[in-house]
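Worth knowing before you read on, the calculation uses all heavy atoms, side chains too, and leaves out hydrogens, waters and symmetry mates. The shown structure was predicted, so the numbers you read here are calculated from the model rather than taken from an experiment. Proteins get letters first, then strands, A, B, ... in listed order; numbering begins at 1 in each.
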2 protein chains.
Amino acid sequence: MPDSVALDRFDHALLDLVQVDNQMPARLLADRVGLSESAVLRRLRRLRQSGVIAADVAVVDPVVLGLPLTIHVLVSLEREGAMELDAFARRLRGRPEVRRAWSVTGEADFVLLLQVADMGAYDGFARAVFHDDPNVRAFRTITAMRQVVGAGDGAAPMRRPVRPVTSR
Amino acid sequence: MPDSVALDRFDHALLDLVQVDNQMPARLLADRVGLSESAVLRRLRRLRQSGVIAADVAVVDPVVLGLPLTIHVLVSLEREGAMELDAFARRLRGRPEVRRAWSVTGEADFVLLLQVADMGAYDGFARAVFHDDPNVRAFRTITAMRQVVGAGDGAAPMRRPVRPVTSR
DNA sequence: GATGAAAGGCGACGGAG
DNA sequence: CTCCGTCGCCTTTCATC
(Lines give C-alpha, C1' and ligand atoms only; values in the text may rest on other atoms or scores of the structure.)
Protein backbone atom coordinates (compact mmCIF):
# COMPACT_ATOMS: atom_id res chain seq x y z
CA MET A 1 0.00 0.00 0.00
CA PRO A 2 1.82 3.10 -1.23
CA ASP A 3 1.54 6.37 0.69
CA SER A 4 0.23 8.20 -2.33
CA VAL A 5 -0.75 7.32 -5.85
CA ALA A 6 0.11 9.04 -9.10
CA LEU A 7 -2.09 8.49 -12.12
CA ASP A 8 -0.92 9.16 -15.65
CA ARG A 9 -2.97 9.15 -18.81
CA PHE A 10 -2.63 5.38 -19.17
CA ASP A 11 -4.13 4.83 -15.74
CA HIS A 12 -6.97 7.19 -16.53
CA ALA A 13 -7.61 5.41 -19.82
CA LEU A 14 -7.68 2.07 -18.05
CA LEU A 15 -10.04 3.39 -15.39
CA ASP A 16 -12.40 4.69 -18.06
CA LEU A 17 -12.53 1.30 -19.74
CA VAL A 18 -12.75 -0.83 -16.64
CA GLN A 19 -15.54 1.31 -15.20
CA VAL A 20 -17.67 0.22 -18.12
CA ASP A 21 -16.55 -3.42 -18.21
CA ASN A 22 -14.17 -4.92 -15.70
CA GLN A 23 -14.24 -8.34 -17.34
CA MET A 24 -12.56 -7.22 -20.52
CA PRO A 25 -9.41 -9.30 -21.15
CA ALA A 26 -6.13 -7.50 -20.57
CA ARG A 27 -5.24 -8.13 -24.18
CA LEU A 28 -8.06 -5.88 -25.40
CA LEU A 29 -7.31 -3.24 -22.79
CA ALA A 30 -3.70 -3.27 -23.92
CA ASP A 31 -4.71 -2.64 -27.52
CA ARG A 32 -7.03 0.22 -26.61
CA VAL A 33 -4.67 2.11 -24.34
CA GLY A 34 -1.48 1.36 -26.28
CA LEU A 35 0.38 -0.73 -23.71
CA SER A 36 1.50 -4.31 -23.40
CA GLU A 37 -0.66 -6.86 -21.70
CA SER A 38 1.81 -7.20 -18.84
CA ALA A 39 1.83 -3.49 -18.25
CA VAL A 40 -1.95 -3.39 -18.17
CA LEU A 41 -2.10 -6.22 -15.65
CA ARG A 42 0.47 -4.62 -13.40
CA ARG A 43 -1.23 -1.26 -13.50
CA LEU A 44 -4.64 -2.70 -12.72
CA ARG A 45 -3.12 -4.62 -9.85
CA ARG A 46 -1.65 -1.43 -8.45
CA LEU A 47 -4.89 0.47 -8.92
CA ARG A 48 -6.77 -2.19 -6.97
CA GLN A 49 -4.25 -2.58 -4.19
CA SER A 50 -3.91 1.15 -3.71
CA GLY A 51 -7.66 1.58 -3.45
CA VAL A 52 -8.17 3.71 -6.54
CA ILE A 53 -10.37 0.88 -7.75
CA ALA A 54 -12.36 0.39 -4.58
CA ALA A 55 -14.32 -2.65 -5.70
CA ASP A 56 -15.37 -4.78 -8.65
CA VAL A 57 -19.08 -5.41 -8.73
CA ALA A 58 -21.88 -6.74 -10.87
CA VAL A 59 -24.60 -4.20 -11.59
CA VAL A 60 -28.07 -5.64 -11.20
CA ASP A 61 -30.95 -3.98 -13.01
CA PRO A 62 -33.52 -2.94 -10.35
CA VAL A 63 -36.34 -3.07 -12.88
CA VAL A 64 -35.67 -6.73 -13.60
CA LEU A 65 -35.72 -7.46 -9.89
CA GLY A 66 -39.18 -5.93 -9.69
CA LEU A 67 -38.12 -2.62 -8.12
CA PRO A 68 -38.86 -0.15 -10.90
CA LEU A 69 -39.62 2.87 -8.71
CA THR A 70 -36.77 5.25 -7.90
CA ILE A 71 -37.56 7.72 -5.13
CA HIS A 72 -35.55 10.49 -3.51
CA VAL A 73 -36.44 11.65 -0.05
CA LEU A 74 -35.28 14.73 1.86
CA VAL A 75 -35.56 14.05 5.58
CA SER A 76 -35.45 16.64 8.36
CA LEU A 77 -34.98 15.62 11.98
CA GLU A 78 -36.17 17.34 15.14
CA ARG A 79 -32.89 17.10 17.03
CA GLU A 80 -29.76 17.01 14.96
CA GLY A 81 -27.27 15.86 17.55
CA ALA A 82 -24.58 13.41 16.60
CA MET A 83 -26.33 10.65 18.50
CA GLU A 84 -29.64 11.23 16.77
CA LEU A 85 -28.01 11.40 13.34
CA ASP A 86 -26.20 8.14 13.98
CA ALA A 87 -29.30 6.44 15.24
CA PHE A 88 -31.23 7.42 12.14
CA ALA A 89 -28.39 6.35 9.87
CA ARG A 90 -28.28 2.99 11.58
CA ARG A 91 -31.98 2.50 11.02
CA LEU A 92 -31.57 3.34 7.34
CA ARG A 93 -28.85 0.72 6.98
CA GLY A 94 -31.30 -1.92 8.11
CA ARG A 95 -33.75 -1.17 5.31
CA PRO A 96 -33.18 -2.91 1.99
CA GLU A 97 -35.14 -0.21 0.13
CA VAL A 98 -32.37 2.30 0.84
CA ARG A 99 -29.80 2.06 -1.92
CA ARG A 100 -27.85 5.09 -0.79
CA ALA A 101 -28.16 7.77 1.83
CA TRP A 102 -26.19 10.85 2.71
CA SER A 103 -26.02 13.05 5.74
CA VAL A 104 -26.27 16.56 4.27
CA THR A 105 -26.23 20.23 5.10
CA GLY A 106 -28.86 22.75 4.14
CA GLU A 107 -32.58 22.39 3.97
CA ALA A 108 -32.58 18.78 5.10
CA ASP A 109 -30.53 16.43 7.26
CA PHE A 110 -30.57 13.38 5.02
CA VAL A 111 -30.95 12.59 1.35
CA LEU A 112 -32.21 9.09 0.63
CA LEU A 113 -32.17 7.19 -2.65
CA LEU A 114 -34.71 4.39 -2.62
CA GLN A 115 -35.59 1.59 -4.99
CA VAL A 116 -39.03 0.05 -4.41
CA ALA A 117 -41.62 -2.12 -6.12
CA ASP A 118 -44.48 0.37 -6.06
CA MET A 119 -46.05 3.21 -4.11
CA GLY A 120 -47.52 0.74 -1.66
CA ALA A 121 -44.06 -0.45 -0.79
CA TYR A 122 -42.94 3.15 -0.34
CA ASP A 123 -45.92 3.87 1.86
CA GLY A 124 -44.97 0.97 4.10
CA PHE A 125 -41.40 2.22 4.24
CA ALA A 126 -42.50 5.76 5.07
CA ARG A 127 -44.72 4.55 7.89
CA ALA A 128 -42.01 2.40 9.42
CA VAL A 129 -39.12 4.81 9.04
CA PHE A 130 -40.69 8.28 9.07
CA HIS A 131 -44.07 8.30 10.80
CA ASP A 132 -43.09 5.88 13.54
CA ASP A 133 -39.96 7.88 14.37
CA PRO A 134 -40.78 10.84 16.62
CA ASN A 135 -37.46 12.43 15.74
CA VAL A 136 -38.44 12.77 12.06
CA ARG A 137 -39.77 16.29 11.71
CA ALA A 138 -40.60 16.19 8.01
CA PHE A 139 -39.79 14.40 4.77
CA ARG A 140 -40.30 15.32 1.17
CA THR A 141 -40.76 12.74 -1.52
CA ILE A 142 -39.42 13.16 -5.03
CA THR A 143 -40.40 10.48 -7.50
CA ALA A 144 -38.12 9.84 -10.44
CA MET A 145 -39.67 9.47 -13.87
CA ARG A 146 -36.54 8.47 -15.70
CA GLN A 147 -32.81 8.49 -15.23
CA VAL A 148 -31.22 10.81 -17.76
CA VAL A 149 -27.55 10.49 -16.80
CA GLY A 150 -25.88 7.27 -15.71
CA ALA A 151 -27.61 3.94 -16.02
CA GLY A 152 -28.96 1.50 -13.50
CA ASP A 153 -27.06 1.52 -10.32
CA GLY A 154 -23.58 1.81 -11.77
CA ALA A 155 -22.20 4.18 -14.32
CA ALA A 156 -22.26 1.48 -16.96
CA PRO A 157 -24.66 1.18 -19.87
CA MET A 158 -27.52 -1.23 -19.79
CA ARG A 159 -27.17 -4.24 -22.01
CA ARG A 160 -30.64 -4.77 -23.31
CA PRO A 161 -34.25 -4.31 -22.28
CA VAL A 162 -35.58 -7.19 -20.22
CA ARG A 163 -39.00 -8.11 -18.97
CA PRO A 164 -39.75 -8.10 -15.25
CA VAL A 165 -38.97 -11.15 -13.22
CA THR A 166 -40.98 -13.66 -11.27
CA SER A 167 -39.36 -14.78 -8.07
CA ARG A 168 -40.02 -18.35 -7.15
CA MET B 1 -33.05 -13.13 -24.77
CA PRO B 2 -35.75 -15.02 -22.91
CA ASP B 3 -39.21 -13.54 -22.59
CA SER B 4 -39.09 -13.63 -18.83
CA VAL B 5 -36.68 -14.70 -16.15
CA ALA B 6 -37.37 -16.65 -13.01
CA LEU B 7 -35.00 -16.31 -10.07
CA ASP B 8 -34.82 -18.85 -7.29
CA ARG B 9 -32.99 -18.57 -4.01
CA PHE B 10 -29.71 -19.72 -5.56
CA ASP B 11 -29.85 -16.92 -8.10
CA HIS B 12 -30.59 -14.38 -5.40
CA ALA B 13 -27.71 -15.68 -3.31
CA LEU B 14 -25.38 -15.42 -6.28
CA LEU B 15 -26.57 -11.90 -7.04
CA ASP B 16 -25.94 -10.85 -3.46
CA LEU B 17 -22.38 -12.14 -3.59
CA VAL B 18 -21.50 -10.92 -7.05
CA GLN B 19 -22.82 -7.42 -6.31
CA VAL B 20 -20.11 -7.14 -3.70
CA ASP B 21 -17.34 -8.81 -5.70
CA ASN B 22 -17.75 -10.03 -9.24
CA GLN B 23 -14.21 -11.35 -9.44
CA MET B 24 -14.72 -14.06 -6.88
CA PRO B 25 -13.87 -17.47 -8.39
CA ALA B 26 -16.81 -19.71 -9.15
CA ARG B 27 -15.32 -22.27 -6.83
CA LEU B 28 -15.85 -20.01 -3.82
CA LEU B 29 -19.29 -18.96 -4.97
CA ALA B 30 -20.19 -22.62 -5.29
CA ASP B 31 -19.13 -23.29 -1.71
CA ARG B 32 -21.09 -20.36 -0.35
CA VAL B 33 -24.38 -21.01 -2.12
CA GLY B 34 -24.24 -24.79 -1.97
CA LEU B 35 -23.97 -25.63 -5.65
CA SER B 36 -21.34 -27.08 -7.92
CA GLU B 37 -18.95 -24.86 -9.82
CA SER B 38 -20.60 -25.84 -13.09
CA ALA B 39 -24.03 -24.84 -11.88
CA VAL B 40 -22.75 -21.50 -10.62
CA LEU B 41 -21.06 -20.71 -13.92
CA ARG B 42 -24.14 -21.62 -15.92
CA ARG B 43 -26.41 -19.54 -13.74
CA LEU B 44 -24.18 -16.49 -13.88
CA ARG B 45 -24.03 -16.87 -17.64
CA ARG B 46 -27.80 -16.84 -17.86
CA LEU B 47 -28.11 -13.91 -15.48
CA ARG B 48 -25.77 -11.88 -17.66
CA GLN B 49 -27.28 -12.85 -20.98
CA SER B 50 -30.80 -12.21 -19.76
CA GLY B 51 -29.88 -8.76 -18.50
CA VAL B 52 -30.51 -9.36 -14.81
CA ILE B 53 -26.85 -8.55 -14.39
CA ALA B 54 -26.74 -5.43 -16.53
CA ALA B 55 -23.01 -4.83 -16.35
CA ASP B 56 -19.79 -5.71 -14.58
CA VAL B 57 -17.84 -2.65 -13.53
CA ALA B 58 -14.94 -1.46 -11.46
CA VAL B 59 -15.90 1.05 -8.79
CA VAL B 60 -13.48 3.96 -8.60
CA ASP B 61 -13.25 5.90 -5.37
CA PRO B 62 -14.05 9.56 -6.18
CA VAL B 63 -12.02 10.78 -3.23
CA VAL B 64 -8.87 9.16 -4.57
CA LEU B 65 -9.48 10.81 -7.92
CA GLY B 66 -9.56 14.17 -6.22
CA LEU B 67 -13.34 14.62 -6.30
CA PRO B 68 -14.24 14.45 -2.63
CA LEU B 69 -17.29 16.69 -2.76
CA THR B 70 -20.69 15.06 -3.27
CA ILE B 71 -23.46 17.51 -4.10
CA HIS B 72 -27.15 17.07 -4.78
CA VAL B 73 -28.99 19.70 -6.77
CA LEU B 74 -32.72 20.18 -7.28
CA VAL B 75 -33.30 22.03 -10.53
CA SER B 76 -36.51 23.73 -11.61
CA LEU B 77 -37.04 24.82 -15.19
CA GLU B 78 -39.15 27.65 -16.55
CA ARG B 79 -40.82 25.70 -19.30
CA GLU B 80 -41.25 21.99 -18.72
CA GLY B 81 -42.09 20.84 -22.23
CA ALA B 82 -40.67 17.61 -23.52
CA MET B 83 -38.28 19.49 -25.76
CA GLU B 84 -36.92 21.64 -22.94
CA LEU B 85 -36.50 18.65 -20.64
CA ASP B 86 -34.62 16.75 -23.33
CA ALA B 87 -32.41 19.71 -24.11
CA PHE B 88 -31.45 20.11 -20.47
CA ALA B 89 -30.84 16.37 -20.09
CA ARG B 90 -28.57 16.46 -23.11
CA ARG B 91 -26.51 19.26 -21.60
CA LEU B 92 -26.17 17.35 -18.36
CA ARG B 93 -24.83 14.36 -20.24
CA GLY B 94 -22.03 16.51 -21.56
CA ARG B 95 -20.79 17.42 -18.08
CA PRO B 96 -18.38 15.03 -16.38
CA GLU B 97 -19.33 16.37 -12.94
CA VAL B 98 -22.76 14.80 -13.27
CA ARG B 99 -22.60 11.24 -12.01
CA ARG B 100 -26.32 10.67 -12.17
CA ALA B 101 -29.40 12.70 -12.94
CA TRP B 102 -33.10 12.00 -12.89
CA SER B 103 -36.10 13.69 -14.36
CA VAL B 104 -38.51 13.88 -11.44
CA THR B 105 -42.00 14.94 -10.39
CA GLY B 106 -42.82 17.22 -7.53
CA GLU B 107 -41.07 20.31 -6.29
CA ALA B 108 -38.33 20.15 -8.93
CA ASP B 109 -37.82 18.94 -12.47
CA PHE B 110 -34.42 17.33 -12.07
CA VAL B 111 -32.34 15.79 -9.32
CA LEU B 112 -28.61 15.87 -9.96
CA LEU B 113 -25.88 13.93 -8.21
CA LEU B 114 -22.51 15.61 -8.67
CA GLN B 115 -18.96 14.71 -7.76
CA VAL B 116 -16.54 17.65 -7.78
CA ALA B 117 -13.12 18.68 -6.53
CA ASP B 118 -14.22 21.66 -4.42
CA MET B 119 -16.71 24.48 -4.16
CA GLY B 120 -14.87 26.41 -6.82
CA ALA B 121 -15.45 23.60 -9.27
CA TYR B 122 -19.10 23.54 -8.32
CA ASP B 123 -19.36 27.28 -8.76
CA GLY B 124 -17.99 26.95 -12.28
CA PHE B 125 -20.43 24.18 -13.01
CA ALA B 126 -23.35 26.18 -11.65
CA ARG B 127 -22.43 29.20 -13.78
CA ALA B 128 -22.13 27.16 -16.94
CA VAL B 129 -25.16 24.93 -16.48
CA PHE B 130 -27.58 26.97 -14.36
CA HIS B 131 -26.90 30.70 -14.60
CA ASP B 132 -26.14 30.67 -18.29
CA ASP B 133 -29.30 28.74 -19.10
CA PRO B 134 -32.32 31.10 -19.26
CA ASN B 135 -34.63 28.11 -18.91
CA VAL B 136 -33.32 27.30 -15.44
CA ARG B 137 -35.68 28.99 -13.03
CA ALA B 138 -34.08 27.94 -9.77
CA PHE B 139 -31.74 25.39 -8.27
CA ARG B 140 -31.12 24.28 -4.72
CA THR B 141 -27.81 22.94 -3.58
CA ILE B 142 -27.50 20.20 -0.98
CA THR B 143 -23.97 19.38 0.12
CA ALA B 144 -23.28 15.91 1.43
CA MET B 145 -21.20 15.57 4.57
CA ARG B 146 -20.90 11.83 4.52
CA GLN B 147 -22.48 8.83 2.88
CA VAL B 148 -24.23 6.71 5.49
CA VAL B 149 -25.65 3.94 3.30
CA GLY B 150 -23.91 2.37 0.35
CA ALA B 151 -20.27 3.08 -0.40
CA GLY B 152 -18.52 4.93 -3.15
CA ASP B 153 -20.38 4.79 -6.39
CA GLY B 154 -21.33 1.17 -6.23
CA ALA B 155 -23.04 -0.79 -3.51
CA ALA B 156 -19.76 -2.42 -2.53
CA PRO B 157 -17.65 -1.73 0.53
CA MET B 158 -14.52 0.36 0.35
CA ARG B 159 -11.27 -1.54 0.57
CA ARG B 160 -9.07 0.76 2.58
CA PRO B 161 -8.42 4.45 3.14
CA VAL B 162 -6.13 5.97 0.57
CA ARG B 163 -4.43 9.30 0.23
CA PRO B 164 -5.48 11.66 -2.56
CA VAL B 165 -3.89 11.34 -5.91
CA THR B 166 -1.69 13.50 -8.03
CA SER B 167 -2.44 13.39 -11.73
CA ARG B 168 0.53 13.71 -14.00
C1' DG C 1 -35.30 -29.17 -18.04
C1' DA C 2 -31.74 -29.41 -14.26
C1' DT C 3 -27.08 -30.92 -11.87
C1' DG C 4 -22.16 -32.46 -11.12
C1' DA C 5 -17.57 -34.37 -12.81
C1' DA C 6 -13.76 -34.44 -16.10
C1' DA C 7 -10.93 -32.77 -20.25
C1' DG C 8 -9.44 -28.90 -22.92
C1' DG C 9 -8.19 -23.99 -23.84
C1' DC C 10 -7.69 -19.29 -22.79
C1' DG C 11 -6.03 -15.80 -19.82
C1' DA C 12 -3.48 -14.17 -15.69
C1' DC C 13 0.65 -14.23 -13.05
C1' DG C 14 5.74 -14.47 -12.15
C1' DG C 15 10.54 -14.56 -13.48
C1' DA C 16 14.44 -13.76 -16.77
C1' DG C 17 16.54 -10.93 -20.03
C1' DC D 1 8.75 -3.55 -21.30
C1' DT D 2 8.81 -8.13 -23.69
C1' DC D 3 9.07 -12.96 -23.71
C1' DC D 4 8.05 -17.36 -21.89
C1' DG D 5 6.52 -20.92 -18.71
C1' DT D 6 3.29 -22.22 -15.12
C1' DC D 7 -0.92 -22.16 -12.90
C1' DG D 8 -5.70 -21.15 -12.23
C1' DC D 9 -10.16 -20.36 -13.97
C1' DC D 10 -13.70 -20.66 -17.44
C1' DT D 11 -15.69 -23.38 -21.10
C1' DT D 12 -17.38 -27.45 -23.04
C1' DT D 13 -18.84 -32.02 -23.06
C1' DC D 14 -20.54 -35.89 -20.92
C1' DA D 15 -23.39 -38.98 -17.99
C1' DT D 16 -27.01 -38.81 -14.83
C1' DC D 17 -31.32 -37.88 -12.51
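What separates CZ of A:Arg43 from P of C:dC13 is a distance of 16 Å, to the nearest Å. Per the geometry, CG belonging to A:Asp56 stands 13 Å off P belonging to C:dA12, to the nearest Å. Here the P atom of nucleotide C:dG4 and the CZ atom of B:Phe10 are 8 Å apart, to the nearest Å. Per the geometry, CG belonging to A:Asn22 stands 15 Å off C1' belonging to C:dG11, to the nearest Å. As rounded to whole Å, 10 Å separates atom P of C:dA12 from atom CD of B:Gln23. If you take CD of A:Gln49 and C1' of C:dC13, they are 12 Å apart, rounded to a whole angstrom. Whole-Å rounding puts the B:Leu7 CG to C:dA2 C1' distance at 16 Å.
No donor-acceptor distance shorter than 3.5 angstrom exists from the side chain of B:Asp21 to the backbone of B:Val18, with no hydrogens or angles considered.
Residues from residues 35-42 of chain A lying near DNA chain D, meaning a heavy-atom separation below 4.0 Å, are A:Leu35, A:Ser36, A:Ser38, A:Arg42 in numerical order.
Taking a heavy-atom distance under 4.0 Å as the criterion, the stretch of DNA chain D touched by chain B extends 5' to 3' from D:dC9 to D:dT12.
A search for side chain to side chain contact (heavy atoms under 4.5 Å, CB included) contacts involving B:Leu35 returns B:Phe10, B:Val33, B:Ala39, B:Val40, B:Arg43, not counting sequence neighbours. B:Asp86 pairs by the side chain to side chain contact (heavy atoms under 4.5 Å, CB included) definition with A:Arg146, B:Arg90, not counting sequence neighbours. For B:Asp133, the side chain to side chain contact (heavy atoms under 4.5 Å, CB included) partners are B:Phe88, B:Arg91, B:Asn135, B:Val136, not counting sequence neighbours.
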side-chain contact (heavy atoms from CB on, under 4.5 Å) between B:Leu41 and B:Glu37, worked out: CA-CA 6 Å; B:Leu41 259 354; B:Glu37 184 181 335; 3.7 Å; yes

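With C:dA12, C:dT3, C:dC13 as the candidates, the nucleotide lying closest to the side chain of A:Arg45 is C:dC13.
Salt-bridge formation is detected for the pair A:Asp56/A:Arg48: a Lys NZ or Arg NE/NH1/NH2 atom is positioned less than 4.0 Å from an Asp or Glu carboxylate oxygen.
Pairs of residues two or more places apart, or lying in two chains, that qualify as ring-ring contact (aromatic ring centres under 6.0 Å, His included) and include a residue from residues 58-82 of chain A are A:His72-B:Trp102.
A donor atom on one side chain and an acceptor atom on the other are found under 3.5 Å apart for A:Tyr122 and A:Thr141.
Counted within 6.0 Å of CZ on B:Arg95, heavy atoms from surrounding residues, nucleotides or ligands total more than 12; the atom is thus considered enclosed.
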